[in-house]
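Below: the structure, in structure tokens.
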Amino acid sequence: MKKTAQTSHPISGLFSLLLFGLFVLFLLIMLLFSAQIYQRSIKKTDSETDLGTISSYITTKFRQHDVQDGIFTDELNDIPALCFRDTINNRDYITYLYLDDGSLKELFTASGSSAQANAGTSLSDFQIEEKGNGFYYIFLQSTVGNTSEFFLHSSAD
């Protein structure tokens with residue numbers, strides 16, 4: 001009996017190589033889309049975390065100063081600001097929270113001094129409005145467009 005040697009056809013090798021190439025191509029496309037989705041979700045999470053941190057900060061400052069004449073709105077260099085009054089060693093100090101050059105900023109200064117705008121936490125928008133009867137409306141918007149708005153009420157009023 002004679003054994004015949006089996007030879008592979010060149011097309012079957014080419015088909016196997018093409019199939020492997022398609023598998024690698026689909027794998028790369030899947031990785032690219034996954035990376036983009038991951039980056040978008042991280043940006044959104046970071047933005048939401050920033051808004052939550054800033055909202056908590058403003059609420060905490062508000063609660064710390066919830067006494068008669070402890071909270072008011074004013075202007076700093078023609079910029080609307082939420083102001084908190086402190087009395088330390090019989091001297092009045094004002095903390096200003098305001099938006100300047102796209103950043104939420106805080107300035108702690110002696111009452112009556114000539115205050116200038118300076119450093120703070122970056123936001124694309126911050127608005128404060130005194131509504132009356134002790135209510136303050138606060139609006140925040142992150143640099144990627146996420147928003148947070150809330151009311152705070154002073155029990156001292």
Problem set entry | Aromatic ring proximity Y136/F62, centre distance under 6.0 Å | yes
Exercise. Heavy atoms, side chains only, cut-off 4.5 Å: are F33 and L28 in contact?
Worked result: no
Exercise. What's the spacing between L140 CG and I138 CD1 if we round to 0.5 Å?
Worked result: 7.0 Å
Problem set entry | Residue pair L97 / K105, side-chain heavy-atom distance below 4.5 Å | no
Problem set entry | Donor-acceptor pair, side chain of R85 and main chain of Y93, under 3.5 angstrom | no
Exercise. Given the rule that I, L, V, M, F, W and Y join up when any side-chain heavy atoms are under 4.5 Å apart, are F108 and L82 in one cluster?
Worked result: no
Exercise. What are the two closest non-hydrogen atoms of K131 and E129, and how far apart are they?
Worked result: NZ-OE2, 3.2 Å
Exercise. Between the main-chain N or O of N133 and the side-chain N or O of H153, is there a donor-acceptor pair closer than 3.5 Å?
Worked result: yes
Exercise. Which word best sums up how the rings of Y137 and F139 line up, parallel for under 30°, tilted for 30 to 60°, or perpendicular for over 60°?
Worked result: parallel
Problem set entry | Side-chain heavy atoms of L107 within contact of T95, under 4.5 Å | no
Exercise. With under 30° as parallel and over 60° as perpendicular, where do the rings of F151 and F135 fit, or are they tilted in between?
Worked result: perpendicular
Exercise. If every non-hydrogen atom of Y98 is compared with every non-hydrogen atom of P80, which pair is closest and at what distance?
Worked result: CB-O, 3.6 Å
Problem set entry | hydrophobic_cluster_shared for F23 and F15, side chain cutoff 4.5 Å | no
Exercise. Counting heavy atoms not belonging to I11, are there more than 12 under 6.0 Å from its CD1?
Worked result: no
Exercise. Are L152 and I71 side-chain neighbours, meaning at least one heavy-atom pair lies under 4.5 Å?
Worked result: no
Problem set entry | Distance (rounded to the nearest 0.5 Å) between L27 CG and L25 CG | 9.5 Å
Problem set entry | Shortest non-hydrogen contact from I79 toward L99 | CG2-O, 3.1 Å
